[in-house]
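Notes for the one structure printed next.
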Amino acid sequence: NAGVTQTPKFRILKIGQSMTLQCTQDMNHNYMYWYRQDPGMGLKLIYYSVGAGITDKGEVPNGYNVSRSTTEDFPLRLELAAPSQTSVYFCASSYSDRDIDEQYFGPGTRLTVT
Amino acid sequence: KQEVTQIPAALSVPEGENLVLNCSFTDSAIYNLQWFRQDPGKGLTSLLLIQSSQREQTSGRLNASLDKSSGRSTLYIAASQPGDSATYLCAVMGGANNLFFGTGTRLTVIP
């Protein structure tokens, strides 16, 4: 079991460029999440998905898009990158939204926009 | 809006000491509370999850308590070891499957 995997580990983008952050989980979890962590701050939810074909906004969705065509994959798309999107991005998954189900996190993607 | 605060922001202790990390939250309507460990440049590892109906959870040298009515949780680490050095994050589950995170406590255990 690889758990939650993310690619790439690091990326530098120029302002205005676009990219997709990849996230895959092999635990057959229904729920998947994208968070960002700014230096010295807690994680904030960008988008989440409760199953294939269903996504919803979190606390900080502006500037991002997501899709969920399969149970395993939940890519995060950045369009027109801005310096404010410099952050570490974490993908997570959980089996359900029940209060006993913990979220499992990937290793993160460190993104710099210059 | 849920606000999660962790005190202290940083803590250094000699090896072998017992220690307590604190977490407070403003909205008591939570589903659960999780404590995570984050090593530098790494992802988060879940340590303990306390359901809203529970008062505490234990795993090895770790014990976490939850007082929902007062909006507080503590993480107790017994007999600390250098390998415990990391940042510890507290997060509460609100509605819409959203985990609200604190900014963490950076722990250093000195050999």
Side-chain angles (χ1 to χ4, degrees), chain A residues 2-7 9-10 21 23 25 27 29-51 54-61 68 74 87-111, chain B residues 1-10 23-55 57 59 62 64 66 68 86-106:
Chain A
V4 180
T5 57
Q6 293 183 237
T7 57
K9 284 187 169 51
F10 304 93
L21 282 66
C23 174
Q25 54 90 10
M27 297 174 283
H29 284 169
N30 295 313
Y31 287 69
M32 295 187 75
Y33 314 82
W34 275 106
Y35 293 90
R36 60 177 286 172
Q37 184 179 32
D38 298 329
M41 305 291 287
L43 282 72
K44 293 191 176 180
L45 183 66
I46 305 171
Y47 271 96
Y48 68 97
S49 169
V50 303
I54 307 170
T55 62
D56 208 345
K57 296 177 181 178
E59 192 180 354
V60 289
R68 183 100 181 267
F74 189 39
S87 190
V88 182
Y89 291 83
F90 290 100
C91 179
S93 71
S94 64
Y95 183 69
S96 76
D97 62 346
R98 290 185 60 198
D99 61 358
I100 63 170
D101 287 323
E102 57 191 279
Q103 293 189 13
Y104 294 84
F105 282 75
T109 293
R110 189 175 298 272
L111 175 68
Chain B
K1 181 176 175 286
Q2 180 74 266
E3 300 284 345
V4 181
T5 303
Q6 291 187 246
I7 294 172
C23 172
S24 62
F25 47 95
T26 55
D27 186 349
S28 62
I30 64 170
Y31 290 90
N32 64 42
L33 183 144
Q34 280 187 251
W35 281 94
F36 292 89
R37 170 185 172 133
Q38 184 175 27
D39 293 287
K42 306 285 189 184
L44 281 67
T45 301
S46 180
L47 298 173
L48 290 165
L49 180 150
I50 311 177
Q51 298 171 51
S52 62
S53 58
Q54 297 176 323
R55 299 282 292 182
Q57 281 285 345
S59 176
L62 306 179
L66 173 63
K68 216 172 66 157
T87 295
Y88 291 80
L89 296 167
C90 163
V92 296
M93 172 70 83
N97 306 292
N98 196 353
L99 271 180
F100 293 91
F101 282 82
T103 54
T105 293
R106 189 172 67 252

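Below, chain A is the first sequence line, B the second, and so on; all start at residue 1.
When all heavy atoms of B:Q34 and A:Q103 are compared, the closest pair comes out as OE1-N, 3.5 Å.
Contacts of A:Q6 with chain B are absent, with no heavy-atom separation under 4.5 Å from either backbone or side chain. Only the side chain of B:Q38 comes within contact range of chain A, with heavy atoms under 4.5 Å apart.
By the 6.0 Å contact criterion, CZ on A:R110 is open, its count of non-hydrogen atoms from other residues, nucleotides or ligands being 12 or less. By the 6.0 Å contact criterion, NZ on B:K68 is enclosed, its count of non-hydrogen atoms from other residues, nucleotides or ligands being greater than 12. By the 6.0 Å contact criterion, NZ on A:K9 is open, its count of non-hydrogen atoms from other residues, nucleotides or ligands being 12 or less.
In this view, A:F105 and A:Y35, B:F36 satisfy the ring pair (Phe, Tyr, Trp, His ring centres under 6.0 Å) rule, not counting sequence neighbours. Looking at residues two or more places apart in sequence or on another chain, you find a side chain to side chain donor-acceptor pair (under 3.5 Å) between B:T26 and B:Q2.
Atoms OG1 and CD, from B:T103 and A:Q37 in turn, are 10.0 Å apart once rounded to the nearest 0.5 Å.
Ranked by heavy-atom pairs under 4.5 Å with chain A, the list B:T45, B:L44, B:L89 is led by B:L44.
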